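Since the structure comes first, as structure tokens, the remarks are kept for the end.
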Amino acid sequence: MRLFKVAVGNKVITNLQNRLCVFSPINNKVFGVIPKIESSKELNLIFQNAKKHFYEFQKTSFQYRKKILLNFVELLKQKKEDLVSILIWEIAKNKKLALEEIERTINYIEDTIDEYKNIIKSNNRVIDESIHHIKGKQGNFSLQPLGVVLAITPFNYPLNLLIAKIVPALISGNVVVFKPSTQGACIAAYISTLLYKAGFSNGEISCVIGKGSEIGDTLIENHNIDMISFTGSTKVGIHIAKKQPLIPMVLELGGKDAAIVLEDVNIKKVVKEIIKGSFTYNGQRCTSIKRVFVDNKIKKEFLDEMNFQLKFLTIGSAAKGNYDITELIDKEAVIHNLKLLEDAFYHGAKSAQKVKIVGNNILKPIVLFNVSDNAKIIKEEQFGPVLPIMFFDTIEEAIKMTNSSKFGLQASIFTKKIDLAFEIANRLEVVTVNINKSSSRSPDIFPFGGIKHSGKGLQGIRESILSMNRIKGIIENS
Ligand code: G3P
């Protein structure tokens with residue numbers, strides 16, 4: 001068991017009188033213990049202090065904020081091994097994926113610093129009499145930070161998605177209160193102490209630890225919040241939007257990304273890519289491929305190849321090696337997937353694989369076919385290593401099936417006919433379509449977001465910065 005400190009405003013808290021215990025999915029035992037927030041009074045004070053400090057922090061220079069962020073990058077590099085070990089034990093991410101998450105996060109910070117400079121240049125504008133119909137006016141428009149940003153982050157990318165909210169906020173001169181999910185709270189607390197050590201030690205950041213069910217509403221209702229960036233479930237996203245209808249908000253919610261496979265593809269290659277897109281980190285990515293639609297003309301070859309290649313996925317504990325399939329985040333996640341499987345089989349689905357749990361919380365990957373439209377797996381997010389494959393006769397049908405989901409995050413199209421792929425892409429009700437690759441948020445510099453039940457607003461580097469600033473206009477009249 002490991003004790004974590006947490007940075008809240010201008011203090012690092014070590015007192016474990018009120019604490020949150022985080023269990024490891026690897027052995028279901030307590031992995032980390034962190035000081036938690038108990039009362040609404042404490043929480044309100046955190047926001048009050050954050051707002052107070054914002055008025056000071058917004059006056060700091062870009063160079064000052066950049067320097068602290070670069071100190072933070074250095075600390076991330078120094079602590080890489082420790083970060084990897086926390087990611088392995090707290091969320092059962094294998095070492096290779098954990099390292100990738102850290103690397104992409106470092107790139108994210110460096111790219112954000114560069115992009116902020118460009119954004120400021122292109123958004124600070126003077127509009128005056130050089131425009132023929134403007135007389136006696138000079139409009140000075142510039143970007144200004146919003147104030148207190150509340151970041152709420154999920155378990156699956158607890159480092160990257162945290163930084164992707166905190167860093168665009170801080171570089172712009174906002175202050176941040178962040179609340180990680182319980183699974184992911186250890187790494188968030190650890191990161192808060194690194195940010196503090198790097199120089200954000202006067203009240204710029206506050207990490208709030210606690211169960212959403214206990215402090216969630218007090219947290220999101222606070223009147224000192226100026227912006228919310230949330231990644232998590234659609235249910236919670238809608239709840240937040242209802243509680244704070246007027247403040248700017250970016251919501252990254254669920255996904256049910258489809259892959260459409262046309263008949264002209266190299267089946268071996270496409271199956272390999274879909275397996276990667278679907279089963280990386282056990283399918284626990286919002287961008288995992290969660291439905292596959294294949295042209296009926298290649299049904300047999302596609303299924304045979306899928307069942308063949310599935311056997312090569314390695315399965316084992318995240319603590320023991322770089323296995324493809326590791327522990328799901330908790331027992332509930334296993335149960336959720338088992339229920340979806342049971343329901344799919346009840347509705348007539350077939351599979352060449354057997355349902356099997358290995359060790360603790362590890363569900364062997366399963367591909368389903370003959371899946372009925374009435375099965376829950378068609379509509380609900382599985383967030384696990386279970387993949388339904390359906391077949392179509394016409395492209396119209398494939399488009400209709402893809403758009404039938406309430407989610408609208410990303411989709412993939414596999415074909416050699418690029419013009420046709422563009423045509424289909426333009427008709428899919430999602431934000432991003434990937435041609436001949438599986439869905440993915442990365443590279444993080446790309447704009448990323450969802451429509452329908454997948455969310456609103458955009459992330460990405462430029463988009464996140466813009467979402468955390470507003471235009472201020474000062475008009476000089478002569
Ligand atoms: O889970 C959501 C998302 O951030 C995953 O990122 O790059 O693996 O698609 P990526």
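Just follow the structure's listing: the first ligand is 1, and inside any ligand the first atom is 1. Only a predicted model underlies this, so the values are computations on that prediction, with no experimental measurement involved.
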Revision key, fill the gap. In ligand 1, the atoms that come under 4.0 Å of a heavy atom of N156 are 1 (O)
Review point. So does E103 pair up with K80, basic N to acidic O under 4.0 Å?
Key: yes
**Study point:** Test: K96 and E100 ion pair at under 4.0 Å
**Key:** yes
Exercise for review: For ligand 1, indicate whether the residue E100 contacts it via side chain, backbone, both or neither (heavy-atom separation under 4.0 Å).
Suggested key: neither
Point to revise | Salt-bridge contact K268-E305 (side-chain N to carboxylate O under 4.0 Å) | key: no
Exercise for review: Could you check if a side-chain atom of K339 sits within less than 4.5 angstrom of a side-chain atom of I335, using non-hydrogen atoms only?
Suggested key: yes
Check your understanding: Under a heavy-atom criterion of less than 4.0 Å, does Q284 contact ligand 1?
Key -> no
Check your understanding: How far is atom 6 (O) of ligand 1 from its nearest protein heavy atom, and which residue and atom is that?
Key -> R441 CB, 3.5 Å
**Study point:** Heavy-atom nearest neighbour in the protein, as seen from atom 2 (C) of ligand 1, with distance rounded to 0.1 Å
**Key:** C286 SG, 2.1 Å
Review point. For ligand 1, is any non-hydrogen atom under 4.0 Å from Y157's backbone (N, CA, C, O), its side chain (CB onward), both, or neither?
Key: side chain
Review point. Starting from atom 9 (O) of ligand 1, which protein heavy atom do you reach first, and at what distance in Å?
Key: T287 OG1, 2.5 Å
**Study point:** Salt-bridge criterion met for R2 and D82 (N-O under 4.0 Å)
**Key:** yes
Point to revise | Side-chain ion pair, E204 and R65, N-O less than 4.0 Å | key: no
Revision key, fill the gap. Under 4.0 Å from one or more heavy atoms of E252, ligand 1 contributes atoms 2 (C)
**Study point:** S442 neighbourhood, listing ligand 1 atoms whose heavy-atom distance to it stays under 4.0 Å
**Key:** 7 (O)
Practice item. If the plane angle is over 60° it's perpendicular, under 30° parallel, otherwise tilted; pick one for W89 and F31. Key: parallel
